[in-house]
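Structure first, then comments.
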Amino acid sequence: DAGVIQSPRHEVTEMGQEVTLRCKPISGHDYLFWYRQTMMRGLELLIYFNNNVPIDDSGMPEDRFSAKMPNASFSTLKIQPSEPRDSAVYFCASSGMGRGLSGYTFGSGTRLTVV
Amino acid sequence: QQQVKQSPQSLIVQKGGISIINCAYENTAFDYFPWYQQFPGKGPALLIAIRPDVSEKKEGRFTISFNKSAKQFSLHIMDSQPGDSATYFCAAINQAGTALIFGKGTTLSVSS
């Protein structure tokens with residue numbers, strides 16, 4: 001298995017532009033999570049899906065952030081418009097058991113820089 | 001989000017020494033406590049995990065100690081090696097929880 005695949009690995013964009021981050025979870029995993037990592041706040045849960053349905057999006061910071069999971073093998077996190085404070089590493093993770101008992105498998109992340 | 005407090009923020013240990021990272025939690029309903037290890041440029045990876053019905057779990061050089069009454073748990077790395085240099089995150093979740101809640105991480109540097 002190739003693991004959780006995220007793209008792009010790095011993204012540099014100008015303030016005000018739309019940014020789309022992509023994730024392919026591990027086949028057969030029915031939970032998908034989006035986390036954001038910064039030095040100040042550590043790993044923050046943004047949103048998670050179960051069987052492609054958003055379950056909890058209370059961590060999404062603002063209406064500028066949106067996430068979709070149109071099918072079991074693909075999810076996107078979109079920021080529109082982007083702001084410098086959105087600069088962070090965004091991780092996607094998947095799990096076969098939402099309570100983490102089997103461990104989450106994280107992708108390698110997307111490092112977003114908004115200038 | 002429910003909090004998991006982790007300390008220290010950074011740690012420097014000599015090769016062969018013991019690294020100790022501590023975490024404290026508030027929610028007594030938490031019932032699963034994993035530790036994740038993250039190397040630069042990579043996502044976190046599950047290292048070891050414990051349930052509150054045991055006080056200690058050991059896997060190789062890595063041990064979790066759990067104190068239910070104090071609501072604290074810690075990671076001990078015995079005979080620390082330069083290859084252990086990474087960021088370590090504690091986490092917690094409960095039966096009604098939505099997803100893992102992570103501590104802010106500890107950056108460990110093992111000097112040779």
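We name chains A, B, ... by the order of the sequence lines, and we start the count at 1 in each one.
- Shown here for B:Pro82 and B:Ser112, the closest heavy-atom pair between the two residues is CG-CB, 4.1 Å.
- With chain A as partner, the option from B:Gly41, B:Ala49, B:Pro44 having the largest number of non-hydrogen pairs under 4.5 angstrom is B:Pro44.
- For B:Gln6, no part lies under 4.5 angstrom from a heavy atom of chain A.
- If you measure heavy-atom distances from A:Arg9 to chain B, the contacts under 4.5 Å come from the side chain alone.
- For A:Gln6, no part lies near chain B; criterion is any non-hydrogen pair under 4.5 Å.
- Ranked by heavy-atom pairs shorter than 4.5 Å toward chain A, the options B:Lys42, B:Gln38, B:Gln9 are led by B:Gln38.
- Of the residues listed (A:Leu21, A:Thr76, A:Leu45), the one engaging A:Trp34 in a side-chain contact (heavy atoms from CB on, under 4.5 Å) is A:Leu21, and it is the only one.
- In terms of heavy-atom proximity, A:Tyr104 sits nearest to B:Ala99 at OH-CA, 3.4 Å.
- Contact detail for B:Ile48 and B:Lys58: the closest heavy-atom pair is CD1-C, 4.4 Å.
- Residues of residues 82-91 of chain A that come within less than 4.5 angstrom of chain B, heavy atom to heavy atom, are A:Phe91 in numerical order.
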As a quick check of understanding, evaluate side-chain hydrogen bond (donor to acceptor under 3.5 Å, both in side chains) for B:Asn67 and B:Ser65, giving each step before the final call. CA-CA 7 Å; B:Asn67 186 331; B:Ser65 297; over 6 Å; no
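- Looking at A:Pro54 and A:Ile47, their side chains come closer than 4.5 Å, going by heavy atoms from C-beta outward.
- Applying the side-chain contact (heavy atoms from CB on, under 4.5 Å) test between B:Tyr88 and each of B:Leu11, B:Leu75, B:Thr107 identifies B:Leu75 as the sole match.
- Contacts of A:Phe49 classified as ring-ring contact (aromatic ring centres under 6.0 Å, His included), with partners at least two apart in sequence or in another chain: none.
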